Engineer: 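Below: one structure in structure tokens.
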There are 2 protein chains.
Amino acid sequence: MKPNFSLRLRVFNLNCWGIPYLSKHRADRMKRLGDFLNLQSFDLALLEEVWSEQDFQYLRQKLVPTYPASHYFRSGVIGSGLCVFSKHPIQELNQHVYSLNGYPYMIHHGDWFCGKAVGLLVLHLCGLVLNTYVTHLHAEYNRQKDIYLAHRVAQAWELAQFIHHTSKKADVVLLCGDLNMHPEDLGCCLLKEWTGLRDAYLDTRDFKGSKDGNTMIPQNCYVNQKELEPFSFGIRIDYMLYKAVSGFYISCKTLETTTGHDPHRGNPLSDHEALMATLYVRHSPAPENPRPINGPAETPQLISVLREAWTELGMGMAQARRWSTFTGYVISLGLLLGLVCILVAGGGAKEVAILLWIPSVGLVLGGGTVYLFHTQEAKSLYRAQAELQHVLGKAREAQDLGIEPLPAPLLGQQEGDGAEDQ
Amino acid sequence: MKPNFSLRLRVFNLNCWGIPYLSKHRADRMKRLGDFLNLQSFDLALLEEVWSEQDFQYLRQKLVPTYPASHYFRSGVIGSGLCVFSKHPIQELNQHVYSLNGYPYMIHHGDWFCGKAVGLLVLHLCGLVLNTYVTHLHAEYNRQKDIYLAHRVAQAWELAQFIHHTSKKADVVLLCGDLNMHPEDLGCCLLKEWTGLRDAYLDTRDFKGSKDGNTMIPQNCYVNQKELEPFSFGIRIDYMLYKAVSGFYISCKTLETTTGHDPHRGNPLSDHEALMATLYVRHSPAPENPRPINGPAETPQLISVLREAWTELGMGMAQARRWSTFTGYVISLGLLLGLVCILVAGGGAKEVAILLWIPSVGLVLGGGTVYLFHTQEAKSLYRAQAELQHVLGKAREAQDLGIEPLPAPLLGQQEGDGAEDQ
């Protein structure tokens, strides 16, 4: 490779809002998206919320001359909604489905049924290994009382861990997607601090588009204006993040967003704005991120965000356990009713017995299902928390930063696990 | 590092059969296991089926002077049952929970509730990066009519992919665990061919223990003799597999199994036999596995096993879709009954209406749950199949081996996906 080597990458990202029967003008938007992608001929187009596999197949057929490689990431009941189109051959593929993704009984939110995931594609470009990740995290429905916060933080941690462990031999790492988090949110900071990924919007000197780089803006006619009311200029929840790992340097030459219309000033392509970046990868005299062999450098910022995430997961775990206990009572009540039902039936009052039998079975089965779900939820949160605790322990050892011991009430939940994972 | 560098690793693996209330003499066996591990002072002890976290905590406290580092891998409703004890500090941790793991309604088998997984621990020993994996795959309950075969093959593929993508910078890779597969089984071949892992039992020149290295043998008093009837010398389903990746060479100096008793000729430690190996890692003049940048070399054996796995997953997918269709009919029947119920109630026959209401709600809710489950099952099998298809496509491109096109009836299920993932 020549010392003046330079690789240009043009990347497109869009949350497509492709919910069958519910999203407005879906077919027309998919058609215009296909036309635009063909016209622009990006190196990579990464899409989220392509919920219908028929939409993916339509795009695939339309885009195959320009983007010969493509992949649809399947998971959950509905799918992850993630897909990619690439001008360059995809060398390797993998995906990770998040352990936690909302609650099945919150049917109106629907995230649980989607099987939210992160997809990985490995490309080899001019002898350089590029790991590209595409993801979509759990939606935020109520910022003031966000019942999914612990799940989203756990997802951000799993995403960060997946990237950390699968990109060790990559030269360049690129993550695109809808993180459903504002830039200053805990999960976003956790992800960036643990992986060392940089934000294209904050990095570029040439930005064109919506104010503050926002990707859901009031000017977009498909956006629910009421939900955006507290944010007069919109919110930034879709990202392009990147880093160069070994002997390379990556920078964002230009970044552009759509501004509530499609690029030809027509109806928007989605309720989100698209991100379009031109990235440059160059040789770097020294590694860009000279990280220690153990993983990311344990900076005070990292320690602080790890501790905050640890606490948040602990609160989520306490909540999950409260639900398990409550459903335990519900199951007991159901069993008690069943007993009464048998006694009443023995006494001859069959109509009453039948009437009691319905709630009894309902309480036992319904309570049982919810109990199983929340027990699994607590286990998954505990798993993420134990991994964070391990990292905090290593940081304490490595730098002897004099970190205060972790909060006692939360440590109490660890069932004597404090000394584990040295 | 000196040219005559040599690292000795003593490793222990055991499926502990630690089911609370069901496994015989559990407390006594855990005590004796702890004593034995302390006495032997292995570098690593990898355990499966430690279902109770209390058992892990008991072992942790007992072993902490000899094995200061430990971790319990949490997942699912019950847990993965996996844990590790290490004499050396654990640098990094991660885990992957398999997307498919049996059926929730097969309560008597129970695998679904466990959240079977693979755990990863990264160790740094004398400047060498050692990735150690521990896993436990879905049990085989009926070898003649194995309804879990597609799930186990999908698990083996996810395991192979997890190892492949997370070990790219490791010098040495070690996998221990209960694979619930005989050495010649499809999933076992798929795992070994895709990762390049070698079998300690086949590799060592100094083996002591049960005939053919079997890890479930009729001599063990806890083994269900009826299940082992077709195999007079037992079966080999627990493994130690390894490889050196870059400039190192790994070999198994000695391998030993228990033989139906504990090492002091007392009652066995479990219904499985323990594996105890002494491994040596040395410098290798040339890389042991000079693999192409794309991943494993596409040997005819690999191609053949990938195609076989592709077919097996396709059959699993067809079965899952048949279940989805069947439960669709069940839901329709439930809705029809609900309609009849409303009509009957309108006619005044309330007792009949109540009697009809119960099966109606039951059919809709039960059928709905099973429908969702099998839809998700088909998606997960399809995901694994698409990844296999991608590898087969790359192999076809790379070597132009003249592989016959994939079977038409199965390609038909791909919904026009044949050309995807180039």
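This is a predicted model, so every value here is computed, not measured. To find a chain, count down the sequence lines: A is the first, B the second, and so on, and within it residues start at 1.
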Engineer: Under a 4.5 Å heavy-atom cut-off, does chain A meet the side chain of B:Phe373, its backbone, both or neither?
Structural biologist: neither

Engineer: Quick one: does B:Gln161's side chain have a donor or acceptor within less than 3.5 Å of a partner on A:Leu93's backbone?
Structural biologist: yes

Engineer: Please check if the side chain of B:Arg383 supplies one atom and the backbone of A:Gln95 the other of a donor-acceptor pair under 3.5 Å.
Structural biologist: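 Looks like yes, one N/O pair under 3.5 Å.
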
Engineer: Return the CG to CH2 distance between A:Leu372 and B:Trp112, rounded to the nearest 0.5 Å.
Structural biologist: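 Interatomic distance, A:Leu372 CG to B:Trp112 CH2, rounded to 0.5 Å: 6.5 Å.
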
Engineer: Does B:Lys169, at its NZ atom, have more than 12 non-hydrogen atoms belonging to other residues, nucleotides or ligands within less than 6.0 Å?
Structural biologist: no

Engineer: Looking at every heavy atom in both B:Val122 and A:His165, which two are closest together, and how far apart are they?
Structural biologist: CG2-CE1, 4.4 Å

Engineer: For A:Ile78, is it the side chain, the backbone, both or neither that has a heavy atom under 4.5 Å from a heavy atom of chain B?
Structural biologist: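 For A:Ile78, the backbone is the part near chain B, not the side chain.
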
Engineer: Roughly how far, to the nearest 0.5 Å, is the CZ atom of B:Arg74 from the NZ atom of A:Lys379?
Structural biologist: 8.5 Å

Engineer: Is B:Ser75 close to chain A through its backbone or its side chain, or both, or neither, when contacts mean heavy atoms under 4.5 Å?
Structural biologist: backbone

Engineer: Can you tell me which portion of B:Glu158 sits under 4.5 Å from chain A's heavy atoms? Options are side chain, backbone, both or neither.
Structural biologist: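 Neither; nothing under 4.5 Å.
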
Engineer: Checking A:Glu92 against B:His164: is there a side-chain donor and acceptor pair closer than 3.5 Å?
Structural biologist: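 Yes - a donor-acceptor pair under 3.5 Å links their side chains.
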
Engineer: If I compare all heavy atoms of A:Thr375 with all of B:Val77, which pair ends up nearest, and what's the gap?
Structural biologist: CG2-O, 3.7 Å

Engineer: Looking only at heavy atoms, what is the nearest atom pair of B:Ala386 and A:His71, with distance?
Structural biologist: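 For B:Ala386 versus A:His71, the nearest heavy atoms are CB-CE1, 4.1 Å.
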
Engineer: Quick check for you: among B:Leu365, B:Thr166, B:Thr369, which has the greatest number of heavy-atom pairs under 4.5 Å with chain A?
Structural biologist: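 Counting heavy-atom pairs under 4.5 Å, the top option is B:Thr166.
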
Engineer: If I compare all heavy atoms of B:Lys394 with all of A:Pro89, which pair ends up nearest, and what's the gap?
Structural biologist: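 It is NZ-CB, 3.9 Å.
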
Engineer: Within the distance-only criterion (no hydrogens, no angle test), does the side chain of A:His390 pair as donor or acceptor with the backbone N or O of B:Ile90 below 3.5 angstrom?
Structural biologist: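 Checking the backbone N and O of B:Ile90 against the side chain of A:His390, a donor-acceptor pair under 3.5 Å is found.
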
